[in-house]
Amino acid sequence: MWVKAIDIVLDRLVMQGADLNTVKVIGGSAQQHGSLYWSRHGVQTLRNLDSDKFLHVQINDSAFTVNRTPIWMDGSTEKQCIEMEAAIGGRAEMVNLTGSKCYARFTGPQIRKIYQERSHAYEETQFISVVSSFLASVFLGDIAPIDYGDASGMNLFDIKEKKWSKQCLNSCAPDLEERLGQPVPTSTLIGKISPFFVQRFGFPAECKITAFTGDNLSALSGMVAEEDSLVMSLGTSDTLIMNLKEQPQLEEGHVLCHPTEVDQFMGLLCFRNGSLVRESFNKTEANGDWKKFNELLDSTPRGNYGNMALHFHSIEIIPNLKGVLRWTRNSSPDNSESAKGVKKFPSPETEIRALIEGQMLHKRAIASDMGFHFGSNTKIIATGGASVNKSILQVISDVFNAPVFVQNESEAALFGAAYRARYSLYVNSLQESNSEIYQDANTKNLDSSLQLNYHDYVTQFIPNHLQLICEPSKDCDQIYSPMLERYRQMAFVLEQA
Ligand code: ADP
């Protein structure tokens, strides 16, 4: 299905008159965690594609040893997670090595399940790709390396040493390293396009391929986020993405190798009780009308007269608990009766403001715990369905005491793929011209200070990619700093309940 999709997309591009002969470099973004298992025959086919035939006729079922590709929605590998963590000395060690505890959807546990339950298929597998490196492989006409970013979503990669962790590989399946190949930094040129695409679609023979990566990583590159930017995605679930200089010690959440800053990490936090809870309040308190919801939200003052709420309707990830707690200004953790708060606030507008402020205080607290430093340069970049809602964005701006921006373009992950491709080409051409000038490998790196970093390079071409939507109110620090403390007390009370 995926291979056929490439046939269809490229055919449509040609039919719409796209001049593929002008393409200099191709980058890509794909869903994280899924894995594909190449047969020997499949690898041979990939290296010898016939341009007179469709891709899907050639890279068909026989190219793979497993025909139902495990993807991120497969949560059936809890057993393998427990085994892998136990084998390397526990969960904390897994987090320390790979940046995440073992998750059922991650590639390592998925591979282990195939090794255990379909050992013949595993034996017959010559290479394993993740979805992004699979897509790159098709364009390359050979097995493409997995990039550091997507490698970080496998529970197999040592994110500090930037190589496969022998311990994790051993805990997963035998002879795995030879099947995975050597990973590469995300912005690496990995070769030239396969002759198939030159002959069939008119790409230039010199067209390069850069490493492809996972969608969250690519979205961060597409936002061209600065070091102090916090990306907040308000889609079906809420997600925070941030740059981190150091690896935090958090059991939950994910730390991945940063897609564009070689020595940094990307922190990713998911919140279960995001849009779905906002939607249910919109239904019950505002008849399902976001306009009405916003009027109610805007009619209440910052701080909500001390009324605060935590709504974890489904079990939350951090803190790992379910429950609802509403506090008035008089509630207190010191007295068990008072700590229970109240059942309901007196008006819909109080309910709505307490919900939105509570959600954002929760996010601010967890982002700080992950190691994000809030300061005068902090910027919030909002995306996803709810980022059209200016009233919610104003609360975010106030609670985080930072301006909120949105991107002018949607599809950040796709733009990220294109920007990274172009940046890789730039870095490569700089290195080539340096080596021509110096003719000496030792001096080649001397000029690396002249190399623009990813952010500065890309923003030359898109100077106004962000649009300022809200700025924090003057009194917000005074109001929300004490409320952040109260949020922590409330979370503690819920945890004890
Ligand atoms: P996905 O993560 O599936 O791509 P979207 O980014 O499209 O989802 O976001 C969908 C969410 O956006 C829905 O849960 C919906 O409640 C929310 N949403 C859409 N419009 C608004 C709005 N005006 N105000 C607040 N939330 C909104």
Side-chain angles (χ1 to χ4, degrees), residues 29-34 71-73 75 103 105 131 153 214-223 225 229-242 253-254 266 268-300 304 309 311-317 348-363 380-400 404-417 465-467 469-470:
S29 157
Q31 57 172 292
Q32 280 188 268
H33 312 305
I71 61 158
W72 64 272
M73 292 179 86
Y103 284 91
R105 66 176 182 279
V131 187
D215 47 5
N216 282 313
L217 294 135
S218 202
L220 182 65
S221 358
M223 309 249 177
S229 302
L230 183 68
V231 176
M232 188 180 295
S233 168
L234 303 165
T236 305
S237 56
D238 290 353
T239 309
L240 290 181
I241 306 180
M242 64 197 87
H254 307 294
M266 165 177 143
L268 193 146
L269 291 165
C270 286
F271 298 81
R272 275 210 192 103
N273 293 282
S275 267
L276 296 182
V277 180
R278 290 192 291 275
E279 247 173 54
S280 80
F281 269 72
N282 185 30
K283 271 200 197 105
T284 54
E285 310 295 328
N287 293 326
D289 178 0
W290 287 115
K291 203 165 152 257
K292 171 92 180 134
F293 181 97
N294 291 350
E295 278 167 18
L296 292 170
L297 179 57
D298 293 340
S299 71
T300 42
N304 208 15
H311 287 279
F312 301 141
H313 294 189
S314 346
I315 188 153
E316 189 47 79
I317 301 170
E349 51 269 39
T350 313
E351 285 289 354
I352 287 175
R353 181 162 281 273
L355 165 74
I356 303 296
E357 288 187 344
Q359 285 190 328
M360 299 313 156
L361 286 163
H362 174 207
K363 290 188 175 61
I380 311 288
I381 307 177
T383 82
S387 67
V388 297
N389 188 319
K390 219 176 148 185
S391 305
I392 294 179
L393 297 189
Q394 185 61 54
V395 176
I396 296 173
S397 184
D398 290 335
V399 170
F400 284 81
V404 175
F405 295 79
V406 295
Q407 270 212 310
N408 288 329
E409 306 283 358
S410 56
E411 304 295 354
L414 285 182
F415 277 95
H465 71 294
L466 294 179
Q467 193 189 336
I469 305 293
C470 311

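Just so you know, ligand 1 is whichever comes first in the structure, and atom 1 is the first atom listed for that ligand. On a predicted model such as this, the values are computed, not experimentally measured, just so you know.
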Enquirer: Looking only at non-hydrogen atoms, find the nearest pair between Arg353 and Leu297 and report the distance.
Expert: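 For Arg353 versus Leu297, the nearest heavy atoms are NH2-O, 3.2 Å.
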Enquirer: So for ligand 1, is Gly385 a polar contact partner (N or O within less than 3.5 Å, distance only)?
Expert: yes
Enquirer: side-chain contact (heavy atoms from CB on, under 4.5 Å) between Ile356 and Phe293: does it pass, once the steps are laid out?
Expert: CA-CA 11 Å; Ile356 303 296; Phe293 181 97; 3.9 Å; yes
Enquirer: Answer whether the closest heavy-atom distance between the side chains of Leu234 and Ile396 falls below 4.5 Å.
Expert: yes
Enquirer: For ligand 1, indicate whether the residue Asn282 contacts it via side chain, backbone, both or neither (heavy-atom separation under 4.0 Å).
Expert: neither
Enquirer: Return the closest protein heavy atom for atom 21 (C) of ligand 1 as residue, atom name and distance.
Expert: Trp290 NE1, 3.6 Å
Enquirer: In terms of residue, atom name and distance, what is the protein heavy atom nearest to atom 3 (O) of ligand 1?
Expert: Thr236 OG1, 2.8 Å
Enquirer: What heavy-atom pair brings Ser218 and Ala413 nearest, and what distance separates the two atoms?
Expert: OG-O, 2.7 Å
Enquirer: Just do the side-chain contact (heavy atoms from CB on, under 4.5 Å) check on Arg278 and Asn282 with the steps written out, would you?
Expert: CA-CA 6 Å; Arg278 290 192 291 275; Asn282 185 30; over 6 Å; no
Enquirer: For atom 11 (C) of ligand 1, grab the closest protein heavy atom and report residue, atom and distance to one decimal in Å.
Expert: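 Protein heavy atom with the smallest distance to atom 11 (C) of ligand 1: Ser275 OG, 3.7 Å.
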Enquirer: Gly384 heavy atoms, cut-off 4.0 Å: which ligand 1 atoms fall inside?
Expert: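 Counting atoms of ligand 1 from 1, those under 4.0 Å from Gly384 are 6 (O).
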Enquirer: Are any of the heavy atoms in Glu279 under 4.0 Å away from ligand 1?
Expert: yes
Enquirer: Does Glu357 form a side-chain hydrogen bond (donor to acceptor under 3.5 Å, both in side chains) with Asn304? I'd like the steps, not just the answer.
Expert: CA-CA 9 Å; Glu357 288 187 344; Asn304 208 15; 4.9 Å; no
Enquirer: In terms of side-chain heavy atoms, does Gln359 have a donor or acceptor partner in Asp238 at a distance below 3.5 Å?
Expert: no
Enquirer: Hey, is Asn389 touching ligand 1 through its side chain, its backbone, both or neither, going by heavy atoms under 4.0 Å?
Expert: side chain
Enquirer: On a heavy-atom basis, I'd like to know which of Ala386, Ser280, Ser233 is closest to atom 26 (N) of ligand 1.
Expert: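 Result: the heavy atom closest to atom 26 (N) of ligand 1 is in Ala386.
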